[in-house]
Structures are given as C-alpha cells and as structure tokens.
Number of protein chains: 2
Amino acid sequence: MRRHSLIAACARVLARDGAAGASVRLIAREAQISPGLIAHYFGGVDALIEATYAQIDQTVNAALTAAVTAAGPDPRARLDAFVTASFAPPIADGALLATWIAFWSMVGARADIARQHDRQYAAYRARLADLLGACGLPAPRQRLAAIGLAALVDGLWLELSLSPGCFGAAEASQIARAQIDRLIDCNAAAAGYLDDNPLSPPEIA
Amino acid sequence: MRRHSLIAACARVLARDGAAGASVRLIAREAQISPGLIAHYFGGVDALIEATYAQIDQTVNAALTAAVTAAGPDPRARLDAFVTASFAPPIADGALLATWIAFWSMVGARADIARQHDRQYAAYRARLADLLGACGLPAPRQRLAAIGLAALVDGLWLELSLSPGCFGAAEASQIARAQIDRLIDCNAAAAGYLDDNPLSPPEIA
DNA sequence: CCCGTTGTTGTACAGTCGTGCAACAAGCCA
DNA sequence: TGGCTTGTTGCACGACTGTACAACAACGGG
C-alpha cells in the first residue's frame with residue numbers, strides 16, 4: 001500500500017523533473033511522507049526506481065493486453081490494435097516517456113537496470129512475434145520481423161511523444177499498419193497507406 | 001582548442017557515467033583541468049552539454065554524408081549506405097547514445113532544447129525524403145515514408161546501442177534495407193531478406 | 001498494565017553539486 | 001620594464017544528495 005503510493009510518487013517526480021530530480025527528498029515530498037520512509041520500504045532509492053520501472057512496464061503491458069483482447073479473435077485485427085494502442089494514452093504520454101528516458105539513461109551505467117531492460121524488451125518482442133505468427137508469418141521470419149516492428153513502433157512512439165507537432169497518432173498508426181501489411185503479405189495493395197492523404201486509400205477511392 | 005577538449009571530455013563522461021554523472025567536477029577531472037575552467041569557457045554545465053550535443057550531431061551528419069558520397073551515384077546504393085552507416089561506428093556508439101539520451105531527457109523541461117531537437121530531426125527526415133525521392137518514390141508518399149524510415153532506423157539504433165547482445169549491426173541493416181525495398185517497390189522479391197539466415201537472399205540462391 | 005513489533009518522523013553526517021571569486025602564471029604590446 | 005589581457009587555478013559558499021539512526025506514535029497479545 002505504502003509501497004504503491006511511493007512508486008506512484010516516484011513516477012510523477014520522474015515525469016516532472018527527469019532522472020536528475022529523482023532524489024529521496026523530492027519523492028518523499030511528492031508522496032507527503034518523511035524522507036526516511038523510502039529507505040525503510042525499499043532500502044534505497046535505487047531499488048525504488050527499479051520497482052517503478054517494473055510497475056510502468058506492467059502498466060504498458062496491461063494496456064496492450066486490453067487493446068488486443070478488445071480487438072476480438074481476428075489475428076490481424078489484434079496486431080493492428082496492438083500498434084494503435086502504442087500511440088494512444090496511457091502509452092503515448094509525456095510522463096511515461098520521461099520515465100522511460102530516465103531508465104534508458106541508467107542502462108549504460110548500471111548493470112542491474114540493463115538486465116531488467118533486456119528482459120522486458122525480449123518479452124515485448126516475443127509478444128510481437130506471437131502476434132505476427134498468428135497472422136501467418138512463417139516462424140523463420142518472425143524474429144527479424146518482430147525486431148523491426150518493435151523498432152518502428154518504438155521510434156514512432158518516441159518521436160510522437162518528443163515533438164508532438166510533427167505528425168499525429170493516426171499517422172503513426174497508419175505507417176505501422178502499412179509496414180505490417182508488407183511484412184505479412186508483400187504483394188498486398190498497401191502502398192496507398194503511405195500517401196499523405198490520411199485515412200483513405202486514394203488509389204482505390 | 002580548450003573548448004574542444006572540454007567537449008570531448010564531456011562526451012566521455014556522458015558515455016561512462018550517463019546523464020547523471022555529467023557534473024562539473026567529473027568532466028573537469030576527465031579533461032585534467034580545474035573545475036572553474038568550464039564555467040570560464042561555457043558559463044555553465046548546461047551550455048557545455050548543449051555544445052556537446054551540437055558537436056555530436058555534426059559528427060553524425062558528417063559520417064552519414066561520407067557514407068552516402070562513398071556509395072557513388074546510384075540512388076538506391078546511396079540510401080543503403082545511409083542506413084548501414086547508421087548502425088556502424090561512430091554512430092552506433094555508447095558515448096553517442098548516452099549524449100543523445102541526456103538531451104532527450106532535457107527536451108521535456110527546456111523549450112530551447114526542444115526547438116533544437118525539432119530542427120535537427122526535421123533536417124534528418126528531409127534528408128531521408130530526398131534520398132527516397134531520388135529512388136523514385138513519388139513526392140506525396142515521401143513525407144510518411146521518411147517519418148517511418150527515420151523511426152525504424154532510430155528504433156534499431158537505440159536498441160542496438162542499448163542492449164548489443166540481442167541483434168547485430170548486420171541484422172539491423174538487413175531489416176532496414178528490407179523495409180526500403182518495400183517502400184520503393186512493393187512487388188520486389190524482398191521477403192527473403194527477413195529470413196533468419198543472415199546476409200544471403202535464400203529464395204534466389 | 002506492560003512489552004514488543006511495526007510504522008513513521010526528523011535530524012545528523014559526510015559527501016557532491018554548481019557557481020562565484022580572489023589570486024597567480026603567461027604572453028604581448030607600448 | 002610596466003601594465004593589460006587572457007588563461008588557469010583552487011577554494012569558499014550554500015544548497016543539495018543518500019544513508020543511518022535515535023526517538024516517538026500506534027497497536028495487538030500476554
């Protein structure tokens with residue numbers, strides 16, 4: 001209970017002040033408790049940040065699972081829902097991006113954070129590979145396709161959150177779905193998705 | 001001269017200790033000078049980091065230009081050289097990633113940094129759009145294609161630098177080139193590029 | 001009632017942070 | 001040689017950092 005409110009406060013501070021501001025005192029003030037308590041519950045600020053990272057990852061996975069489940073049984077619809085949800089709240093969110101960047105900044109310096117990142121990202125890619133396999137992508141192609149699709153979605157998500165004025169969530173989703181078209185069936189008439197006129201296939205209409 | 005050696009030292013510290021370790025004293029010790037000097041040359045540590053970012057961006061652009069120029073006149077070869085160079089030194093480098101992440105972490109908090117990021121990324125995308133246009137991609141498709149390709153290359157570069165054990169530079173280049181195939185000519189027999197057997201087009205050979 | 005456990009506080013400590021400043025070295029021109 | 005500019009140093013300052021620890025409140029079982 002207290003642990004949970006401390007994690008939430010840590011996430012808020014990370015979002016507001018970045019990695020540099022994630023100090024014991026700031027987090028404690030945010031959670032309206034005394035600074036000593038975070039040592040009492042987590043043993044140190046590093047463990048709190050680590051727990052916050054795990055919690056954020058869990059939130060993202062829950063949101064993705066909900067979107068995929070709501071999409072019904074059709075494999076392609078599930079994959080589309082996965083990427084579309086990646087560009088909508090609560091995933092495409094400034095606070096979440098700031099938290100994630102704070103973690104990336106620790107990967108280079110701390111081995112335990114690096115290991116946690118590797119684990120989480122491997123699970124993310126495995127999930128994409130499963131969804132791609134359900135759409136009929138042969139097993140030998142799944143690994144590289146999942147790496148590529150994960151990189152595309154991540155890159156779009158990053159830039160979408162970093163400078164929101166350049167392109168929109170609908171366009172990001174459009175780009176990702178066009179790539180999925182090409183991954184699954186290279187001969188699909190999907191080129192129209194990449195025209196600038198959004199949300200309508202111009203060559204057909 | 002001294003400015004240059006300070007920028008280099010700042011990049012080394014950023015690479016070794018991450019954004020959190022980029023303190024005046026650490027950078028000064030790395031450059032083997034007194035802490036007061038960095039205030040004398042840059043007025044503050046923020047300006048030094050900003051200058052380091054500009055220098056890194058310049059290095060990246062120079063490396064990309066060199067790769068494209070060395071590729072000769074063929075438009076497709078130039079585009080391939082662009083993405084392949086994105087996954088090789090000096091671009092795919094821990095120091096560069098750490099500096100870049102440090103800057104991303106400031107985008108949310110500082111408006112001038114956000115503007116600098118927007119400018120640099122727009123130039124990057126414009127460059128990709130030009131290369132795509134030279135390969136015959138119609139103008140109305142260039143914008144979204146450039147956004148998607150930039151996101152893919154960025155996502156691959158990020159993960160390649162963040163956890164180098166998962167996939168290699170050759171595989172990243174392979175993935176990116178396969179997407180370019182599909183962007184330029186959707187009917188190209190490019191599916192083989194996404195097989196797991198690296199560096200050879202299995203369906204042909 | 002007492003006692004031990006648990007939750008919680010506040011503070012003390014040693015360290016690092018960025019910045020400002022007085023002082024010293026060095027060149028350079030008059 | 002004198003004086004001025006520039007490069008460079010090292011330290012003092014106040015604010016901040018994470019951790020450790022003694023002390024106080026609350027509470028349930030004996």
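A note on names: the letters A, B, ... follow the listed sequences, proteins ahead of strands, and every chain is numbered from 1. Quick caveat, the model's predicted, so the values are computed rather than measured.
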### Message
Measure CG/Leu48(B) against P/dG18(C) and give the value in whole Å, please.
### Response
11 Å
#### Entry: Tyr41(A), nearest nucleotide to its side chain (from dG18(C), dT8(C), dT9(D))
dT8(C)
## Note on the structure
When rounded to whole Å, the CZ to C1' distance for the pair Arg3(A) and dG7(C) reads 15 Å
### Task
Please work out whether the ring planes of Tyr53(A) and Trp100(A) are parallel, tilted or perpendicular, with thresholds of 30° and 60°.
perpendicular
### Task
Report yes if the side chains of Leu97(A) and Trp104(B) come closer than 4.5 Å at any heavy-atom pair, otherwise no.
no
### Query
Taking the nucleotide of DNA chain D with the closest heavy atom to each, which residue, Ala39(A) or Gly21(A), is nearer the 5' end?
Gly21(A)
#### Entry: Rounded distance in Å - CD (Gln32(B)) to C1' (dG10(D))
17 Å
### Task
Could you tell me how the ring of Tyr121(B) sits relative to the ring of His117(B): parallel (under 30°), tilted (30 to 60°) or perpendicular (over 60°)?
parallel
### Query
How close or far is atom C1' of dC16(D) from atom CD1 of Ile27(A), stated in whole angstroms?
14 Å
#### Entry: Cationic N near anionic O, under 4.0 Å, Glu50(A) to Arg115(A)
no
### Query
Between His4(B) (NE2) and dG7(D) (C1'), how many Å, whole number?
19 Å
### Task
Could you tell me whether Arg76(B) and Asp181(B) have a side-chain N and a carboxylate O separated by less than 4.0 Å?
yes
## Note on the structure
Of dG18(C), dT9(D), dA12(C), the nucleotide closest to the side chain of Arg25(A) is dA12(C)
### Task
Please work out if Phe42(B) contacts a base, only the sugar-phosphate, or nothing of the nucleic acid, heavy-atom cut-off 4.0 Å.
nothing
#### Entry: Short side-chain N/O contact from Ser34(A) to OP1 or OP2 of dT8(C), under 4.0 Å
no
### Query
Which of these nucleotides, dG10(C), dG18(C), dT8(C), is closest to any side-chain atom of His40(A)?
dT8(C)
### Message
In whole Å, I'd like the distance from the CD1 atom of Ile38(A) to the C1' atom of dT17(D).
### Response
12 Å
### Message
Students often get this wrong, so: under 4.0 angstrom with heavy atoms, is Ala22(B) touching a base, only sugar-phosphate, or nothing?
### Response
sugar-phosphate
### Message
Does dT8(C) have OP1 or OP2 under 4.0 Å away from a side-chain N or O of Arg2(A)?
### Response
yes
### Query
Ile49(A) has an atom CD1; how far is it from atom C1' of dT17(D), in whole Å?
13 Å
### Minimum-distance nucleotide to Leu37(A) side chain [options: dC17(C), dT17(D), dT8(C)]
dT8(C)
### Task
Nearest whole angstrom, please: distance from the P of dT17(D) to the CG of Asp17(B).
19 Å
